[in-house]
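Quick notes on the structure that follows.
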Amino acid sequence: QVHLVESGGGLAQAGGSLRLSCAASGRTVSNYAMGWFRQRPGKEREFVAALSWNSGSTLYADSVKGRFTISRDNAKNTVYLQMNSLKPEDTAVYYCAADTSPWQSRWSSDYDYWGQGTQVTVSS
């Protein structure tokens, strides 16, 4: 069983930056693809970014491409989401997820483990 805990959320101004972390415990996720999803107020959960097990391949939603960067440190069993040039529409609860497959996916149904989420609020 994998337990995921997100941190790093909070309040930021438009144009600012935040870095989210997702620490995994219970077992190593070094062979798993990892992803970030978000749920904006009144909307369904949506894909943000995903990373293959070896960091060799990434996927990004068009809305965050060029502004967000997903990365991982397998030695620390941790995944990160660096968010730059934040916009008010990035306000959401951000979730980390682990897929026992090694290759990244944008589909939430492919992910086996989820964190509890961290709130990101961007003010204009």
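This structure is a prediction, so every number in the text was calculated from the model and none was measured.
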Closer than 3.5 angstrom, by distance alone: can the side chain of [X] be matched with the main-chain N or O of [Y] as a donor-acceptor pair?
{"X": "R72", "Y": "V29", "result": "yes"}
{"X": "D73", "Y": "T78", "result": "no"}
{"X": "S30", "Y": "T28", "result": "no"}
{"X": "Q116", "Y": "V5", "result": "no"}
{"X": "E6", "Y": "G117", "result": "yes"}

Show every donor-acceptor pair shorter than 3.5 Å between a side-chain atom in residues 53-61 and any protein atom, with sequence neighbours excluded, or say none if there are none.
{"residue": "N54", "atom": "OD1", "partner": "S52", "partner atom": "OG", "Å": "2.9"}
{"residue": "N54", "atom": "OD1", "partner": "G56", "partner atom": "N", "Å": "2.9"}
{"residue": "Y60", "atom": "OH", "partner": "I70", "partner atom": "N", "Å": "2.9"}

Quick note, ring pair (Phe, Tyr, Trp, His ring centres under 6.0 Å) partners involving residues 6-50, not counting sequence neighbours, are F37-F47, F37-Y111, F37-W114
Assess, by modelled atom type and distance only, whether the side chains of S105 and D99 contain a donor and an acceptor separated by less than 3.5 Å.
no
Could you go through Y95 and V48, starting from their C-alpha distance and side-chain angles, then the distance that decides it, and tell me whether this counts as side-chain contact (heavy atoms from CB on, under 4.5 Å)?
CA-CA 9 Å; Y95 298 90; V48 175; over 6 Å; no
Apply the test side-chain contact (heavy atoms from CB on, under 4.5 Å) to residues V120 and R38: give CA-CA distance (whole Å), side-chain angles for both, the deciding distance (0.1 Å), then the verdict.
CA-CA 10 Å; V120 170; R38 69 185 181 187; over 6 Å; no
Taking all non-hydrogen atoms of both residues into account, name the closest pair between L20 and M83 and its distance.
CG-CE, 3.8 Å
I want to check something: taking the side chain as every heavy atom from C-beta on, are R27 and V2 in contact at a cut-off of under 4.5 Å?
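Yes, their side chains come closer than 4.5 Å.
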Between R40 and E89, does any NZ, NE, NH1 or NH2 come within less than 4.0 Å of an OD or OE carboxylate oxygen?
no
Charged N to carboxylate O below 4.0 Å: is that the case for K87 and D90?
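No salt bridge links K87 with D90.
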With R19, which residues qualify under side-chain hydrogen bond (donor to acceptor under 3.5 Å, both in side chains), at least two apart?
none
Treat each ILVMFWY residue as a node, draw an edge where side-chain heavy atoms are under 4.5 Å apart, and state whether V64 and V122 are in one component.
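Yes: a chain of side-chain contacts under 4.5 Å links V64 to V122.
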